[in-house]
Amino acid sequence: MSQITPRILPLPRAEWTDDAREVFSYWGEPNAWEEGSKTNVLMVMANHPDLGKVYNIWGRHLLMSNTLSVRHLELLILRVAWLVKSAYEWHNHVGYALNAGLTLEDIAAIRDYPQGGNWDEADNAVLRSVDELLRDGTIADPTWAALDGHFDTRQKMDLVFSIGHYVMTSWALSAFGVGIEGGADPIGFDLRTASGKTPGKTYKPGETEDWTDSRGY
């Protein structure tokens, strides 16, 4: 995995205002208010607290309160991560997808779509939606009709905004030079970790009492 040169550095401790602390402690990481977050993107977003605070609220809805199933959300995020080559999002969401019941074979098929994969009509519609929005800037009528058969209005709205959010976030990570956390065992697009271990489940903020333990900071 290539080395990333940071363009915007984590906010220095000398500049940790209360507003900045609200940004990097938002997700409930233990001791984050006092010690900062171990999550690189949060420490970078703390450079712009007004933006960081609303970004967190928006991102929390899409990650934690989305009307899409976790399975469909992880399908679309991993497809976005592959298409825009976001190593950071891919690394983080492989573990979330495994926790949602997807297998490493499923995740490889998301990457290789439309080759392989045992996808039903709803899965296919989600994956096609990602490809069409990134390629064409819209969802084609046949794909929208397929979505209509499986998702209600709120779910379709969340789907489109989720795709856009993760593209936007991936762009920001790339443009700002935000790398995977130093203590982590990076998961590559080939689904191999740097150490050679098989990727395992990770948990979202608050999903388990020890959710930070699985993240490998």
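All residue numbers in this chain count up from 1 along the given sequence.
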Just by distance, do the side chain of D106 and the backbone of T103 share a donor-acceptor pair under 3.5 Å? yes

Within the distance-only criterion (no hydrogens, no angle test), does the side chain of R79 pair as donor or acceptor with the backbone N or O of I110 below 3.5 angstrom? yes

Distance alone, cut at 3.5 Å: any donor-acceptor contact between the side chains of [X] and [Y]?
X: Q155; Y: T67; value: no
X: H61; Y: D158; value: yes
X: N99; Y: T202; value: no
X: Y166; Y: S86; value: no
X: E132; Y: T143; value: yes

Start with the C-alpha gap between R13 and E35, add the side-chain angles, then the distance that decides, and say whether side chain to side chain contact (heavy atoms under 4.5 Å, CB included) holds. CA-CA 9 Å; R13 180 180 283 270; E35 300 299 330; 3.3 Å; yes

Taking the side chain as C-beta and beyond, is there a heavy-atom pair between L127 and L76 under 4.5 Å? no

Flag the pair L83 / R135 as yes when at least one side-chain heavy-atom distance between them is below 4.5 Å, and no otherwise. no

Assess whether atom [atom1] of [X] is packed by more than 12 heavy atoms of other residues, nucleotides or ligands within 6.0 Å.
X: M168; atom1: CE; value: yes
X: E34; atom1: CD; value: yes
X: D141; atom1: CG; value: no
X: D120; atom1: CG; value: yes

So which atom in [X] and which in [Y] form the shortest heavy-atom distance, rounded to 0.1 Å?
X: L78; Y: V94; value: CD2-N, 3.8 Å
X: L191; Y: L104; value: CD1-O, 3.4 Å
X: E181; Y: K38; value: CG-O, 3.0 Å
X: S170; Y: V84; value: CB-CG2, 3.5 Å
X: L159; Y: S129; value: CD2-CB, 3.8 Å
X: E15; Y: A20; value: O-CB, 4.3 Å

Quick check for you: to the nearest 0.5 Å, what is the distance between [X] atom [atom1] and [Y] atom [atom2]?
X: N47; Y: L11; atom1: CG; atom2: CG; result: 5.0 Å
X: F176; Y: I4; atom1: CZ; atom2: CD1; result: 13.5 Å
X: Y26; Y: L42; atom1: OH; atom2: CG; result: 11.0 Å
X: H93; Y: L73; atom1: NE2; atom2: CG; result: 7.5 Å
X: H165; Y: N66; atom1: NE2; atom2: CG; result: 10.0 Å
X: S162; Y: L63; atom1: OG; atom2: CG; result: 9.5 Å

Which is it for W27 and T39 under the side chain to side chain contact (heavy atoms under 4.5 Å, CB included) test, yes or no, and what are the steps along the way? CA-CA 10 Å; W27 294 88; T39 302; over 6 Å; no

Please answer: with hydrophobic residues joined when any side-chain heavy atoms are less than 4.5 Å apart, are [X] and [Y] in the same cluster?
X: L62; Y: L51; answer: yes
X: V167; Y: M157; answer: no
X: V70; Y: I107; answer: no
X: M64; Y: L68; answer: yes

May I ask you to decide if the ring planes of W90 and F189 are parallel, tilted or perpendicular, using 30° and 60° as cut-offs? tilted

List the steps and the verdict of side chain to side chain contact (heavy atoms under 4.5 Å, CB included) for W119 and L75. CA-CA 11 Å; W119 308 123; L75 281 176; 3.7 Å; yes

Below 6.0 angstrom between ring centroids: does that apply to H72 and F151? yes

Are the ring centres of W58 and F161 closer than 6.0 Å? yes

P49 and side chain to side chain contact (heavy atoms under 4.5 Å, CB included): which partner among D18, V23, V54? V23

Let's go through I77 and W82 carefully: what are the C-alpha distance in whole Å and the side-chain angles of both, what is the deciding distance for side chain to side chain contact (heavy atoms under 4.5 Å, CB included) to 0.1 Å, and is it a yes or a no? CA-CA 9 Å; I77 295 171; W82 166 249; over 6 Å; no

Could you please spell out the steps behind the side chain to side chain donor-acceptor pair (under 3.5 Å) verdict for T169 and Y55? CA-CA 10 Å; T169 296; Y55 173 82; 2.9 Å; yes

Pair [X] + [Y]: basic N to acidic O under 4.0 Å:
X: R128; Y: E121; result: no
X: D185; Y: K197; result: no
X: E74; Y: K204; result: yes
X: D190; Y: R111; result: no

Please enumerate all residues that pass ring pair (Phe, Tyr, Trp, His ring centres under 6.0 Å) together with Y88, with sequence neighbours excluded. none

Going through the checks in order, is the ring pair (Phe, Tyr, Trp, His ring centres under 6.0 Å) test met by F24 and W33? CA-CA 7 Å; F24 56 68; W33 182 276; 7.6 Å; no

